[in-house]
Amino acid sequence: MERTRTRLGAAVFLMLILGHLGNALEVPLDPKVLEELAQPPTITQQSPKDYIIDPRESIVIHCEAKGKPHPSFSWTRNGTHFDIDQDPKVTMRPRSGTLVVDISGEKAETYEGIYQCTARNKHGAAVSNNIVIRQSRSPLWSKERNEPIRVQEGEALVLHCRPPAGLPPPIIFWMDVNFQRLPQSSRVFQALNGDLYFSNVLKEDSRNDYICYARFPHTQTIQQKQPITLLVLNLDAVNETVAALFNETDLFSDGLAEERKPTFLIPSGSSSSKMVLRGQVLELECITEGLPTPEVSWSKLSGEFPDKRTSIVTFQKILRIVNVSDADAGEYRCTAHNRLASVHHTIRVTVKAAPYWLTTPRNLVLAPKEKGQLICRASGTPKPTINWAMNGIPIENSPEDPNRKVEGDTIIFEEVQTGSSAVYQCNASNEYGYLLSNAFVNVLSETPRVLTPANQVYQVIRNNHALLDCSSFGSPIPKITWFKDSQSSTLEGDPYLLHENGTLEIYVAQALNSGKYICVARNTLGIAENHVYLEVKEPTRILKQPKYKVAQRNRNVVFECKVKHDPTLIPIMIWLKDNGELPDDERFLVDSDSLTITDVTENDAGTYTCIMNTTLDHDSASAELTVVEAAPTPATIYEQPDPPTDLELTDMKPRSVQLTWIPGDEHNSPIHKFVIQYTDSLHDHGHWHNLTHVPGSKTTAHLELSPYVHYSFRVLALNAVGLSDPSNPSHMYKTNPAAPDENPSGVKGFGTEHDNLMILWKPMSGLQANGPGLQYKVMWRKKDVDKNWTSVTVANVSKFMVSGTPTFTPYEVKVQAINNNGIGPDPVVVTGHSGEDLPVQAPDNVQVLVLNSTLAEVHWEPVPPKTVRGHLKGYKVYYWRERSLHKHNPHRVEKQLLTFSGNKSHGMLPGLQPYSLYLFNVMVYNGKGEGPASSNLQFETPEGVPGRPSFLRITNSNLNNLTLEWGPPNDLNGHLTGYILKYQQVNNSNELGPMEELALPANKTSITLPNLKYSTRYKFYFNAKTGQGAGPVITEEAVTIMDEVHPAAPAFRNVSSSVGENGMLINWEYWGAEKHVYVEYIVKNDNTLGEEEWQKEYVNGSQAYVLKGLKEGLSYRVRMVAKGHDDQAVLHQSEELLVTVPAMPSRQVDIATQGWFIGLMCAIALLILVLLIICFIKRNKGGKYPVKEKEDAHTDPEFQPMKEDDCTFGEYSDTEDHKPLKGSRTPSNGTVHRDSSDDSLVDYGGGDGQFNEDGSFIGQYSGKSSIRETAEGPSPVNTTAMNSFV
């Protein structure tokens, strides 16, 4: 069985880099913060440095920038100001610096040049790169006449392309007149310059369409050179020609071309050089000629080719290295060889580099008086020159600033001043290019603000990381502290880790870590806090895993998978088969904790996995299903293997031995591995331990042993079913004793009293002792004081006490193992301290600073280290509320404690009660305990907002007024200055009306609100206020009563009924305000004594409703009701109306009076009239149907001639209109074939259409007639179909 578990970690930890030097910080990405901050311009988009334009389109030169306020833009062209307003062809996009040049009717080269954009606001100016605008060019090929080229077979040849120079350069390829690429090989190939090279020509190379094509990529145009004709002459033809002219025979002997050794065509000679820029593509070309065709190979004399960046293309002729680096410089050798000779050419490659960034200057946000620096570091070959500018002006020409100093590639700022914001430009250049970067220095004073959303809830699984975010912004950089729940101590030390960006990390979250966490951000200008919540959930566990199953075909199988999970998480169980979805088969039944497969087949065999997912984690377990044939064929039995036998020890050495064995029966499941165990009868008799394991294919194992152990070994076999029983033990093998190989671990020194030193270590086992007589040599000395070690040798213990030591003094200690055979290696020295004592001095210069009504900051002067007399754990502040400033009697509250870990000199006291007198003192503490407390100091907290009023109730509800009573807040938190009462109407749909507001004096405890609307719900909002503002709100709702003195007219009036075709029509008038209106009805039943169930229909917004589905002949009670906004209480009800549904007799419909029948008859009459008019016109016209002469060749007997007199088909005319009808087809052989477009009368009818003897059509087009014809006469003609045919 295979099982996997995966735990999802906490949210991904996002680090926010808040500075360059610890003082500088980045402007946050939060748009709300950005909207409020002043910011110098920043270029966000610009066109490329080398900008090739299409002369057929408008020129768009991009320049976008951001800043606060939004920057303005200006341009220079060729180094001088470009006045856009003077050129009507040039426009600048709104709130942008992007230029759009309309070149229609203009030459594009007019606008070629070097452009630069400047974005400026009151805080500085940023500049773009120099943008070089050039027009793309695709010139025509110069006219030329290519004479045929004649060359002897076997000679070398070059067909020159020489394309016109374009911008950018064209792409060259060779094709024939049919636009097919010419075949290339190691003998015939295209060089980098576009020429076509032949190492040697063959007879089949003769052709007259060698055409060079040039494709200009920017304009997507292709131009071609005039075709080149190549004639290859073989030596036999030359012999015949010469013999005919000079009466010679066999002038060139046997007619074969003479072989020759390789020769370099490109590059020439034995060596050459090439320069390439870093980051570009290096292409080395090696073109040779010879017969037979030479083979080319490459090597690097000064190293190896870079694996992933090197390719050899064009039939080994070109070596290409992409993204060239300095390491690619050196000597490269090209070797060309055939069977005659081998020649070499060496290319010396040098790598230069245009400037590239090492450190790009970054934007600085500094607070006044802070320090910072801009660093601009670039490299290149040769080394680039660094030049600085401020707001686009060289820095040497900019106004001097005593707080700014330029040192090469760094600008250092000392104590920046408000108003010194600017944008600085760094230009790194050498002869191969330049880099330009803008970086601003923004001087800001900003109070802290926490950017993490408030009340965010983090959920993690127990024992996983928890990361609580507290991203903040402020200038100076805020300091972050964390508190938990109502605890006043900051969260520092184990298990908490505070990161530089303010994130609080709990490395291993436990249930006790759940709760509310408060993040406080503070700088010299203010303080801000945020609350987040952590929920630690229990992990998901599979308690009962699915087990391996062997099932017979057509049987049922059940896999169980019982899971435990956190009850607050929603689990989802998923089953997989072979890591894929279960088959879409109803035989697979998934339950909450099991999978059942019914009628198992061979296809069901495989691995089944159950996965329990929650939103935070998941757990999974797998089991295999094997399907075997059903009885009578016996199923294959899979069992655990039998134990191995015949264990034998060989090759016995002092610290090793070889063990061999014979495997047992596998029981139809291969053995995966063998596990070797041992027992030590000398030190740990009867307990077996795993020593090692080997693959199932091996039957021997080489075992590493320890000294002074009495070993016995046994072996277990493991297959897919499980472990076998252990084998019988081997013979005992005793190893000889030796000196210890190691010393005790876990050595530490500490004091339990102020005058002792306890040395502690972890005792060694018998297996580690390596021999009898194990002892420990314990050594100690004062650190940096004593040179000699004091030692003592002990046995059978794991600690030693050194007495009479001075208080809290550092000691060096070590423990060494010794036995009867020698001593162990040199031990590791550990530093410890003697015992601690209580601190003897209280902190001095204790002060308090009240920050607001609930927060104070305490400062003290740390005590001298010598007076701590132990490990300084931190400082404790005890504080308590003495009394409220309202009262003079003491307010008894237990003391509260805040602990500040480490050598702190100040701390925050949160959660104070406003308008109160507090006392506090400070003391230092170490591992022993607390020192003396400082003298008690007191402070007063200022007024705060009051608490919630103690109660608000409605004591008297009348027709148009309500009386409210309230109690003052339990926590006044200052002098109460009054109350604020707000109220508004709430209608039946819970919509709120306009808000009314009243200011009430502090001494008032009730009020009556007059002139309210009767029978109306009101919502009240009530809070108290002090000089610091209003406190939290308490709310209440009440309803004014209905007018009892003067009852209003009924809400429902004139309720009536009438009988309609669709049901019973109910009409009414409604004058009420409620919108939940219903019509209710019930069958009248005088015998029923109880209250019946009324049927109701929602009729809101209408004055009439049709009740459908009422049974004929029954009487119904009907009433109208209006309910309140809760749809429960009935506010208005009409008097009941008794209606009777009449019994309607079935009606016999007279078809002659139906509108549809009358319309159909009129349409038929109109169609007949149209048909008669057409026939009359045809007859008086005197012409014939313009068709071919009678189709005598047509063999279809249904085609009968019609007569012209009665508008039936007669014989076809053979006059001058001897042309086919439009759209007809006449085959060349004179026969007429019927196809899918031929119109046949029978096809129209699809039934029994036929003609009378006189040619009149007596059949109907419709195959299904609604009226059968009688025996006395034919069926009426379907005039619609006839009209369509004519």
Side-chain angles (χ1 to χ4, degrees), residues 13-19 22-39 68 365-370 442-458 467-492 496-505 515-534 848-859 898 900 904 906-914 941-945 973 1028-1032:
F13 178 53
L14 179 60
M15 297 294 292
L16 298 175
I17 301 174
L18 294 178
N23 290 334
L25 69 155
E26 293 287 355
V27 176
L29 299 179
D30 191 331
K32 295 182 179 178
V33 178
L34 287 175
E35 289 176 2
E36 303 172 7
L37 297 180
Q39 186 174 347
K68 184 71 174 183
V365 179
L366 301 175
K369 303 296 184 180
E370 282 192 324
N442 199 5
V443 182
L444 292 176
S445 294
E446 289 291 327
T447 57
R449 64 189 78 191
V450 179
L451 305 181
T452 301
N455 300 317
Q456 187 165 338
V457 179
Y458 296 89
L467 297 170
L468 308 183
D469 187 27
C470 184
S471 60
S472 62
F473 176 74
S475 182
I477 300 174
K479 181 180 179 182
I480 303 298
T481 53
W482 284 87
F483 302 91
K484 183 177 185 297
D485 296 328
S486 59
Q487 299 175 9
S488 55
S489 58
T490 57
L491 303 181
E492 294 179 336
Y496 302 105
L497 175 62
L498 181 60
H499 292 269
E500 290 184 3
N501 69 335
T503 296
L504 181 68
E505 177 179 3
K516 180 175 75 172
Y517 289 78
I518 300 98
C519 157
V520 178
R522 184 181 68 87
N523 66 10
T524 57
L525 301 178
I527 188 169
E529 68 177 42
N530 187 38
H531 296 177
V532 297
Y533 297 86
L534 175 63
V848 63
L849 174 63
V850 179
L851 299 178
N852 55 43
S853 60
T854 62
L855 183 65
E857 184 175 26
V858 178
H859 290 261
L898 273 178
F900 301 96
K904 298 294 180 63
H906 64 278
M908 308 294 292
L909 304 182
L912 302 178
Q913 187 74 22
T941 56
E943 274 192 327
V945 297
N973 294 341
Q1028 294 299 315

Atom pair CG/CG of L468 and L534 - distance to nearest 0.5 Å: 5.5 Å
CZ on F483 to NZ on K516, rounded to 0.5 Å: 12.5 Å
Heavy-atom closest pair, residues E446 and F473: CG-CE2, 4.1 Å
Nearest non-hydrogen partners of N523 and P476, listed with the distance: ND2-O, 2.9 Å
Rounded distance (nearest 0.5 Å) linking atom CD1 of I477 with atom CG of N501: 12.0 Å
Closest non-hydrogen atom pair between G944 and P914, with its separation: N-CB, 3.7 Å
Rounded distance [0.5 Å steps], OG1 in T490 versus CE in M908: 11.0 Å
No-hydrogen, no-angle side-chain donor-acceptor test under 3.5 Å, S471 and T452: yes
Aromatic plane relationship, W482 with Y517 - under 30° parallel, 30 to 60° tilted, over 60° perpendicular: perpendicular
From CG (L912) to OG1 (T854), nearest 0.5 Å: 6.5 Å
Minimum heavy-atom distance C470-V450, with the two atoms named: SG-CG1, 4.2 Å
Side chain to side chain, V520 and I527, heavy atoms closer than 4.5 Å: yes
Minimum heavy-atom distance between I480 and C519, given as atom pair plus value: CG2-SG, 4.0 Å
Main-chain N/O of Q913 paired to T941 side chain as donor or acceptor, under 3.5 Å: yes
Test side chain to side chain contact (heavy atoms under 4.5 Å, CB included) applied to N442 and Q39, step by step: CA-CA 7 Å; N442 199 5; Q39 186 174 347; 4.2 Å; yes
Where I518 and D485 come nearest, the two heavy atoms and their spacing: CD1-O, 3.3 Å
Euclidean distance, T524 OG1 relative to K479 NZ, rounded to 0.5 Å: 13.5 Å
Main-chain N/O of G526 paired to T447 side chain as donor or acceptor, under 3.5 Å: no
Test item: N973 side-chain N/O and E943 main-chain N/O as donor-acceptor pair under 3.5 Å: no
